[in-house]
Amino acid sequence: MIDAPKPASPRMVWGVAALLTALSDALQARFPVVAVQGELSGFTRAASGHCYFSLKDAEGQPAMLRCAMFRRVAGMVDFAPRDGMTVEVRGRLDLYGPRGELQFIVEAMRRSGEGALYEQFLRLKARLEAQGLFDAERKRPPPPYARRIGVITSTAGAALHDVLTALRRRAPHARVFIYPTLVQGADAPPAIVRALATANERADAEVLLLVRGGGSLEDLWAFNDERVVQAVAASALPVICGVGHETDLTLADLAADLRAPTPTAAAELATVARQQCLETLEALERQLTRRVEQRLDAAAQRLDRLALRLARPGDALARQRRRVDLLAQRLGHVAPRAVALESQRLRHLEQRLGQVAPRAAALETQRLRHLAQRLDQALPRQLQRGAHQLEALGARLEALDPRQVLARGYAWLDDGQGRALSSATQLREGQDLRAVLADGEADLRVGRVVVREG
């Protein structure tokens, strides 16, 4: 106990500030640290970050205590204080000198009654976590483009309206199946379990949204019930849990396949926005068009290479030219030699005829003359056929001439040494090349090489 100050002399006169300072010292000495429970009233947060409010008696007695909670302490409060909320604060009493008012300087704040509930929450969380209900390996991703969505919530809450609004905006084509249930109170856990069982039994939906609005730890306690957590973990359908506000966390959130910070966020996680789908389709269309164009370009280049190979058989053309020249020479030598041989044969026959009987000689002479006439007629035809054959070979040679291909806008590339280049894999950056065109040549240098798949 702190000794009380000695009574002042009746003649002593206090200054206001001195008296308030003495009273403040006495209060802090008598009540160094105090825990107070009450109902928030007139809660305001100043631009500086400090919070000011009053605590009303929780039992309804006409009593009120003015409080101040400075910015540092306010930043450590893990919930949003609001009027009407019952809280437990810890701090010290003080006198505010400028107005001479008693005030309570808050150094910590928590929701009233949350201590025991939170300890129960932690114990149950540890036990269920040991059973593997919260393991990431057992969680399933929801279908990316769900067309049938189930919503488990109260039909009287704002959460259902928020979810339906978000689904209507993002995926108006999706069908929504509502499974009504209680979401607060002693009867809520078995009702939620029944709703989950009904949704799985009917299998109307591809994904389930388990949602409700925000509230205190007591308000959300149904979603910490072990029966609800087990039912969420055992659901055959993927479950997205969006309970409370962003700072609220329940065991059902941990057991669900996906946790959403709010009911609206749960609807957004279950769907893909229509605009995003359209943008994805447009991107796929552009990619498909680009791939088709690349394949067509590659096919065209391959066709050009094959055409160049077909129109540029260097060795084959040389052999063909030599063969044509040889045939022409042989054709030029055959006719005179054939005529000379035939004349020699005729003279020999005439000599023989002179030795036979006159009649036989006359017949033989006549036959020889006939043969000579046939020979005179056959030789021009043979020469004409040879000329036609020579013209056909010349036409084929001209068709195979690579200069005809060059005249159509193509170019013949070689490495400068006369070796033809037909593939990008034969090139390297900085390499000097020669391009042969229809009407001339050009020296080139490779700047960049891109090899495309055929």
Side-chain angles (χ1 to χ4, degrees), residues 139-150 163-176 205-207 209 237-238 240 257-258 260 264-313 399-416 419-454:
K139 298 181 183 295
R140 301 153 297 179
Y145 299 98
R147 299 179 62 87
R148 303 187 310 278
I149 300 173
V163 168
L164 294 179
T165 300
L167 292 178
R168 201 159 35 239
R169 182 185 72 252
R170 292 174 61 85
H173 60 279
R175 296 181 62 189
V176 180
E206 301 172 70
V207 61
L209 308 184
L237 298 173
I240 301 176
D257 295 286
L258 197 60
T264 300
E268 293 175 349
L269 290 174
T271 58
V272 179
R274 180 175 179 272
Q275 183 60 33
Q276 183 178 347
C277 292
L278 294 176
E279 292 174 356
T280 301
L281 288 175
E282 291 176 357
L284 290 174
E285 180 185 11
R286 291 193 297 270
Q287 183 179 3
L288 180 60
T289 302
R290 186 169 60 253
R291 291 289 180 86
V292 171
E293 290 176 350
Q294 290 175 352
R295 293 295 296 273
L296 290 176
D297 290 342
Q301 291 180 0
R302 183 168 178 269
L303 182 61
D304 292 341
R305 290 196 298 270
L306 292 175
L308 288 174
R309 289 176 58 186
L310 180 63
R312 199 179 52 201
L400 294 175
D401 190 347
R403 289 173 295 181
Q404 299 296 325
V405 178
L406 299 181
R408 296 200 300 269
Y410 294 93
W412 180 350
L413 289 180
D414 62 38
D415 60 358
R419 289 186 292 269
L421 301 175
S422 61
S423 173
T425 58
Q426 297 177 265
L427 305 179
R428 65 180 185 276
E429 293 185 5
Q431 182 180 3
D432 292 328
L433 305 177
R434 185 184 63 156
V436 179
L437 305 171
D439 56 352
E441 300 178 355
D443 292 330
L444 308 176
R445 176 162 294 176
V446 179
R448 184 170 65 95
V449 178
V450 178
V451 180
R452 295 188 175 90
E453 296 180 0

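We number each residue from 1, following the sequence as shown. Predicted, not measured: the structure shown is a model, and the values here were computed from it.
Contact record, Leu269 with Pro142: O-CG, 4.4 Å, taken as the closest heavy-atom pair. Taking all atoms of both residues into account, the shortest heavy-atom contact from Leu209 to Ala267 is CD1-CA, 4.0 Å. The two residues Asp257 and Pro238 make their nearest non-hydrogen contact at OD2-CA, 3.3 Å. Summarising the geometry of Arg445 relative to Asp432, their closest heavy-atom pair is NE-OD1, 2.8 Å, with the distance given to 0.1 Å. Across Ile149 and Thr271, no two heavy atoms sit closer than the pair CD1-CG2, 3.5 Å. The shortest heavy-atom contact between Ala265 and Ala260 is C-CB, 3.8 Å.
The line from CZ of Arg302 to CG of Asp297 is 15.0 Å long, rounded to the nearest 0.5 Å. To the nearest 0.5 Å, atom CG of residue Asp415 and atom CG of residue Leu433 are 8.0 Å apart. Atom OG1 of residue Thr264 and atom CZ of residue Arg170 lie 11.0 Å apart, to the nearest 0.5 angstrom. From Glu268, atom CD reaches atom CG of Leu167 across 9.5 Å, with rounding to the nearest 0.5 Å.
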**OP:** Just do the side-chain contact (heavy atoms from CB on, under 4.5 Å) check on Val163 and Val176 with the steps written out, would you?
**Re:** CA-CA 10 Å; Val163 168; Val176 180; over 6 Å; no
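Between Arg434 and Asp443, none of the side-chain N atoms (NZ, or NE/NH1/NH2) sits under 4.0 Å from a carboxylate O, so this pair counts as no salt bridge.
In terms of modelled atom types and a separation under 3.5 Å, the side chain of Arg140 and the main chain of Leu237 share a donor-acceptor contact. Without hydrogens or angle criteria, Glu206 side chain to Arg148 main chain gives a donor-acceptor distance under 3.5 Å.
Within the 4.5 Å cutoff, no side-chain heavy atoms of Asp414 are placed close to those of Arg419.
Under a cut-off of 6.0 angstrom, the local environment of CZ in Arg147 is sparse, with at most 12 non-hydrogen atoms contributed by other residues, nucleotides or ligands.
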Side chains of residues 277-291: which donor-acceptor partners sit under 3.5 Å, not counting sequence neighbours?
| from | atom 1 | to | atom 2 | distance (Å) |
| --- | --- | --- | --- | --- |
| Thr280 | OG1 | Gln276 | O | 2.8 |
| Thr289 | OG1 | Glu285 | O | 2.9 |

